[in-house]
Structure formats: structure tokens, C-alpha cells
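Below: the structure, in C-alpha cells.
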Amino acid sequence: VEALEVDGARGALELRPDGALRLAGFDLLAPPREPRPPLAWEDVVASVLDLAAPGNLPPWIAMLGQADTQAWPWTLGRLTARNCAFQVLDASVQPPARFALDLTEAEVTGVEHDPAAAPHALAFSARMSAPGLAESIAVSGSALPWAPRRTLELSLSLDGISPHAADVYLEQAGVQRALESGRLELAMSAEALTEGGVTRGWVETREVALQDSGELFGVRELAVRDIVVDPGARKLRLGEMVVSGPRLAFVRDPAESFLALGLRVSADHSPPEADADQGGARPPPEEAPAAAATDMPHEPVVLEIGRAAWIDSRVTFVDEATDPPTSFAVDELGLELRELVLGGDPAGPPPPPATLTGRVRAPGLVELLTIDGVVRSRPGALDLQAEVEVQGQGLRGALLAPYLDPFGIHPLLEDGRLSASATGSLRVAPDGWKVGVGLADVALSDGEELLLGVEFLNAEDVHLEGE
């Protein structure tokens, strides 16, 4: 096919108060909402492994991720869509939320599927707007599907971000929109290779930046590398997960509201109460049996995390509610976890312990705070125990005075030092979560003067049960 064009397509979708979807003159009734057990990480990993197993993907998805040597060759020179408009009405909330997507133009070129020929990447681009969310959205990139080695290159930019169409959801969450004309940019690359039923790949997102009048959030790199999906061994490995160079700005305005990520949380704001008499509202889901949280109907699965790191971050805080305004920054906030293994056969031996390290520097508050320790896991359901050593130096309290003085507390630390041993545990039990926390050999001093000492403090098997 040399060219395929779509012009002036229109569509509307409505989510009814009873959960049904109304599309093209039909009501797609929502199925009865049956009790479901809480979703555990083992269920997520098992689902990924099951989908990746040969023959389990639907054919229309499998063709994008697997090379079919028996398929007929076919090509599509260009696919173009112009002047299309789609609307979504969510009547399940009050007031109803309305969304729209106006597609100016989208194009895909160079689509070739020929098992006998060398793989060929297709190119795509799109320009659109989402009234009530963003004034303009631009997407471009290239992709190589239906090949043993699949690749993706993607660039995305949004301008004029002001999501007032989503205000009803924000109000229900107890937050308010602060974005007036935001801008978001990111670039992403990905690759996957399947050989012998095992898929290996990586995903990288670079130079993420959310701006309004200034930068609200940024990340130099967000990456997951050395991904191994092995359905035969029932194992998922995430060799490296890195968040590098994150930047986040917090502000407390003169009205004592907190602002971050373009959202505002007012000191005196609370979410609206649900209207029990709202007609057609969906009934709340029935509570699932707590014991189901530890049921394992699937084969034991293993999740390996080679390295998880949050590094080179910078967090700033500006307080405009104080007189004069104050500010401080966390110049270094890093945390790294290495070689954590979860799951596996409950009867098997425990894996080697993972290592945990962290560093914090905040001028005017903490000269240096370090964390060093290990995290132990047991096979089967989630069961973790951590042992860490905490060391801090150059602790100062002057910057906290404006927040503590109103409560009759004035910080006096000028050159504090902290040392402590801490333990923690987290496990899933048939009746909910069990948490433990412990402290030992705690010493807080200012200069040569000991201010606080604790030999031993421990709380075990604290029961946490969600509603």
C-alpha cells in the first residue's frame, strides 16, 4: 500500500455514573465488581513472565514484538491522519469532566514487514492539542518492530499545560492546580532482543523537564537497564534502575500553602465529602479477604534488582510565609540498593544480603549524613529485614527556628553529631502487613556535650491493615 489517509474523523466516549462506557451508540456495560485480593508484586512479575512466554501474546500484539518468519511480506509507504477530533465525558464524577483531543496531523512512514529483508525502522510524528490540558502536543521518533531486536526513539513536548479539565479529580485528592502555562519535554530510547525465549532490553528517558514560570521538576536521566525476562526460569531481572540528577522545587506561599510539581496543597483545605445520595453512583467495591494477599496460585517467581539508585539530586525549598522569606537546599540526596533478590521457592535457601547506602548534604542543616547497611530477604512472600548504621555531622537547627518557635520550641544545635544503629522489618502475613522498627546505641551531641542517648528501643510485628 503506497498511502493511506484519514481526514476529519470524529469520536466521542462517555463514562456513565454506573461504570458503563457509551461509544458509537452502544452502552458497554461494566461487569459486576467482584471482591479482589490486594495486588502483590509477585502477581505483577508473574503476569509479565506469562505474557512474555511464547504463544501467550495476542497475535496483533505479538507481531510488534516478535519476528514471524511465516508471515507474508507487506509494506505501507505512508499513513496520514488529519483534522481529527475526539471527546471524552466522565459522568462518574461531579461535576462531569470533559476532555478533548484535536489531532492536527499524524504521520507514519516506511512501514515494512518482510521477514526475508533486513529490518527497516519506521518513522512517526504527530501534532495535536488537548483543550483543558495542553495547548500543543508534539511527538516524533522512529521504531523498529516485528524483529528479533526491537528499538524505539521518542521525543515528546507539551506546551501551554494548564489541566483545568482535571480540576474535579484534583479537588477529590485534596490538591489544587497551580500550573498556568507549563511546558514538559522528554526524550526516550528503548531496545529489546529476544533469543531462545529470553528477552533482554533497556529503557532510557533523558532530560525530563517540567517548567512554568521556573523549573518545577527535572531529571537528567531515568533508566532501567539490563532487563531480563525469562519465562522458563520464572525470573525477572532489573539489572540497573537509576534516577540521575533529579531536581525538585518546593514553595510555601504567603498563605502557607505548599506548592510542588504545579500543584498546591492549602493548609486549611480538605477533600470534599462524597455525596451519598448521588444518583447512579457506583457502589463501593466489596472488601477482599485479607488472607488472599499471601495466596500464590502461580509458580514461585523471582525478582532480581541488581542496582537501584537515586543519585545527584537537588531539592530546593523557598518559604515566602516567613518574614523575611527563607530558603534552603538539599544539595546531595543519594540512595543506592544493590543485589536485592525477592521471591523464589519458599523452601529454598535465603539469597545473599543486599547492600544499602545513602548520603545527604543540606547546607545550614546537615553537613553530611550517611547510611550504610544490609537488607536481607527470605524466599517466598515478601519478608525483609534491614540493619543500618547512621552517622551525621554538622547538624544545625537555626533554619528550623521559624517552624518550631510557634510551638514554644527553639532549636539550639550548632555543631551536632549523630550516631545510631537502626533495624527495620517488613513482611506480609495472612492477616496483613507486619512492621518492625528498632534503634540502638543512639548518641546525639552538640560539640563535646552529649544531648541524648538511647541504648535500645524496639517495636516488633506492628500490624498494619488497610481498609
Side-chain angles (χ1 to χ4, degrees), residues 9-23 81 83-106 126-140 154-186 205 208-219 247-275 278-282 316-318 320-321:
R10 299 287 186 271
L13 176 68
E14 180 180 352
L15 176 61
R16 305 290 298 165
D18 59 0
L21 290 175
R22 178 166 295 179
L23 175 67
N83 306 317
C84 300
F86 304 95
Q87 295 182 349
V88 176
L89 172 66
D90 185 356
S92 67
V93 296
Q94 291 297 325
R98 299 178 182 274
F99 301 92
L101 180 67
D102 296 334
L103 179 65
T104 305
E105 183 176 44
R127 293 182 295 110
M128 65 195 83
S129 66
L133 296 176
E135 293 179 359
S136 66
I137 304 172
V139 182
S140 62
L154 173 70
S155 294
L156 171 67
S157 67
L158 290 80
D159 277 301
I161 303 174
S162 182
H164 55 81
D167 282 351
V168 61
Y169 306 106
L170 298 178
E171 285 288 333
Q172 290 179 350
V175 298
Q176 299 169 314
R177 171 179 48 87
L179 271 176
E180 295 297 336
S181 184
R183 177 178 177 82
L184 174 66
E185 291 184 325
L186 63 85
T205 301
V208 180
L210 175 62
Q211 300 175 330
D212 199 0
S213 56
E215 186 177 66
L216 305 176
F217 176 73
V219 175
R247 306 175 301 277
L248 183 59
F250 291 91
V251 175
R252 189 171 78 143
D253 65 15
E256 300 187 354
S257 297
F258 287 91
L259 292 89
L261 297 174
L263 302 174
R264 174 185 288 107
V265 179
S266 300
D268 57 351
H269 182 81
S270 59
E273 296 184 3
D275 185 359
Q278 180 181 332
R282 285 177 287 179
T316 60
F317 179 77
V318 177
E320 301 171 347

Residues Val318, Arg252; criterion side chain to side chain contact (heavy atoms under 4.5 Å, CB included); working and verdict: CA-CA 6 Å; Val318 177; Arg252 189 171 78 143; over 6 Å; no
Derivation of the salt bridge (Lys or Arg N to Asp or Glu O under 4.0 Å) call for Arg98 and Asp90: CA-CA 6 Å; Arg98 299 178 182 274; Asp90 185 356; over 6 Å; no
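- To the nearest 0.5 Å, atom CG of residue Leu186 and atom CG of residue Leu184 are 5.5 Å apart.
- Closest heavy-atom contact between Ala165 and Ala97: O-CB, 3.9 Å.
- Between the CG atom in Leu216 and the CZ atom in Phe250 there is a gap of 11.0 Å [rounded to 0.5 Å].
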Stepwise side chain to side chain contact (heavy atoms under 4.5 Å, CB included) check, Ser257 with Arg264: CA-CA 6 Å; Ser257 297; Arg264 174 185 288 107; 3.7 Å; yes
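- Shortest non-hydrogen contact noted between Cys84 and Ala81 is SG-CB, 4.3 Å.
- Residue Leu259 comes nearest to Ala178 through the heavy atom pair CD2-CB, 4.0 Å, listed as atom of the first residue, atom of the second, then distance.
- Distance check: Leu133 CG to Ile161 CD1 gives 9.5 Å after rounding to the nearest 0.5 Å.
- The OG atom of Ser157 lies 5.5 Å from the CZ atom of Arg183; values are rounded to the nearest 0.5 Å.
- Although no hydrogens or angles enter the test, the distance criterion places a donor-acceptor pair under 3.5 Å between the side chain of Asp212 and the main chain of Glu180.
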Evaluation steps, side chain to side chain contact (heavy atoms under 4.5 Å, CB included), between Leu101 and Met128: CA-CA 7 Å; Leu101 180 67; Met128 65 195 83; 3.6 Å; yes
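- Using a 4.5 Å heavy-atom cutoff, the side chains of Leu89 and Leu13 are not in contact.
- Ion pair Glu215/Arg247 flagged as a salt bridge, since at least one NZ, NE, NH1 or NH2 atom sits closer than 4.0 Å to an Asp/Glu carboxylate oxygen.
- The CG atom of Leu103 sits 7.0 Å away from the CZ atom of Phe86 when rounded to the nearest 0.5 Å.
- Counting heavy atoms from C-beta on, the side chains of Val208 and Leu210 never come closer than 4.5 Å.
- To the nearest 0.5 Å, atom OG of residue Ser162 and atom CG of residue Leu179 are 7.0 Å apart.
- Scanning both residues, Ser92 and Arg16, for their nearest heavy atoms gives CB-O, 3.9 Å.
- For Leu23 against Ala12, the heavy-atom pair with the smallest separation is CD1-O, 3.4 Å.
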Chi angles and distances behind the side chain to side chain contact (heavy atoms under 4.5 Å, CB included) call for Val93, Gln172: CA-CA 10 Å; Val93 296; Gln172 290 179 350; 3.9 Å; yes
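- Side-chain contact between Val88 and Leu15 is absent, with no heavy-atom pair separated by less than 4.5 Å.
- At a threshold of 4.5 Å between non-hydrogen side-chain atoms, the residues Pro95 and Val168 count as touching.
- Between Ser266 and Gln176, the closest side-chain pair of non-hydrogen atoms falls below 4.5 Å.
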